[in-house]
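Written out below as structure tokens is the structure these notes cover.
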Amino acid sequence: MNQKVKFAELVAKTGVFFGAADGNYDDKEKAFINLFIGYLKSQAGIGDDVEQILAATTNKKYELNELIEETKTALAGLGDAERKSTLNGMKNFINTIVCVDGTEAPAELEAFDQWKKALDVD
């Protein structure tokens with residue numbers, strides 16, 4: 001699996017985790033994740049792998065610590081500027097997932113704070 005596809009899968013898993021963090025994986029959250037992965041498809045040229053990524057990640061449970069470690073691994077080969085830009089994009093993606101259903105549940109916010117702290121994101 002190439003790096004772009006692995007990153008899209010990580011983003012999808014991260015979205016699913018944060019979408020379900022409040023105990024309710026809302027249709028708006030699912031739609032936003034699908035839209036975002038579709039955007040990655042068009043921008044990164046990851047092709048038909050998108051449908052496989054979405055099917056493989058949508059109905060699974062993920063652990064925050066595992067996602068943090070996967071994120072660290074994905075960022076390991078990047079330069080400082082690209083690493084910062086990627087983390088900022090992921091932070092904005094997560095923030096949208098947390099807010100898109102109209103509620104910012106304490107469990108979502110706590111997990112988001114843990115993610116930011118673990119990855120040194122401001």
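These values consider heavy atoms only, across backbone and side chains, with no hydrogens, waters or symmetry-generated copies. Throughout, residue positions are numbered sequentially from 1 according to the sequence presented.
Here the CD-CD1 distance, from Glu66 to Ile68, works out to 10.5 Å after rounding to the nearest 0.5 Å. Summarising the geometry, atom CD belonging to Glu82 is positioned 9.0 Å from atom CG belonging to Leu75; distances are rounded to the nearest 0.5 Å. Here Ile97 contributes atom CD1 and Met90 contributes atom CE; the two are 11.5 Å apart, rounded to the nearest 0.5 Å. Within the model, atoms CD of Glu108 and CZ of Phe17 stand 9.5 Å from one another, a figure rounded to the nearest 0.5 Å. Rounding to the nearest 0.5 angstrom, the gap separating the CD1 atom in Ile33 from the OG1 atom in Thr14 is 9.5 Å. Between the CG atom of Leu119 and the CG atom of Leu87 there is a distance of 5.5 Å, given to the nearest 0.5 Å.
A cation-pi arrangement is not found for Lys28 relative to Phe32, the charged atom failing to lie both closer than 6.0 Å to the ring centre and inside a 45° cone about the ring normal.
Two residues are said to be in side-chain contact when any heavy atoms from C-beta on lie closer than 4.5 Å; Leu67 and Lys13 meet this criterion. Using a 4.5 Å heavy-atom threshold, the side chains of Asp22 and Asp101 count as touching.
Hydrophobic clustering of Ile, Leu, Val, Met, Phe, Trp and Tyr side chains at less than 4.5 Å, counting indirect connections, keeps Tyr25 apart from Val100.
When the shell of 6.0 Å around NZ of Lys84 is examined, it contains 12 or fewer heavy atoms from other residues, nucleotides or ligands. Atom CG of Asp120 sits in a sparse spot, with 12 or fewer heavy atoms from other residues, nucleotides or ligands closer than 6.0 Å.
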### side-chain contact (heavy atoms from CB on, under 4.5 Å) between Leu64 and Phe18, worked out
CA-CA 9 Å; Leu64 181 59; Phe18 282 97; 4.1 Å; yes
Candidate pair Thr96 and Phe36, rule side-chain contact (heavy atoms from CB on, under 4.5 Å), full reasoning: CA-CA 11 Å; Thr96 300; Phe36 193 85; over 6 Å; no
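At a threshold of 4.0 Å, the pair Arg83-Asp80 does not count as salt-bridged, since none of the basic side-chain nitrogens sits closer than that to a carboxylate oxygen. Ion pairing of Lys6 with Glu9 is absent here, as no side-chain N (NZ or NE/NH1/NH2) approaches a carboxylate O to less than 4.0 Å.
The backbone N or O of Asp26 sits less than 3.5 Å from a side-chain atom of Glu29, completing a donor-acceptor pair.
Of all heavy-atom pairs spanning Ala118 and Lys72, the tightest one is O-CE, 3.6 Å. The minimum heavy-atom distance linking Ala21 with Ala107 is given by the pair O-CB, 3.4 Å.
Thr71 pairs in a side chain to side chain contact (heavy atoms under 4.5 Å, CB included) with only one of the listed residues (Thr86, Leu10, Val11, Val121), which is Leu10.
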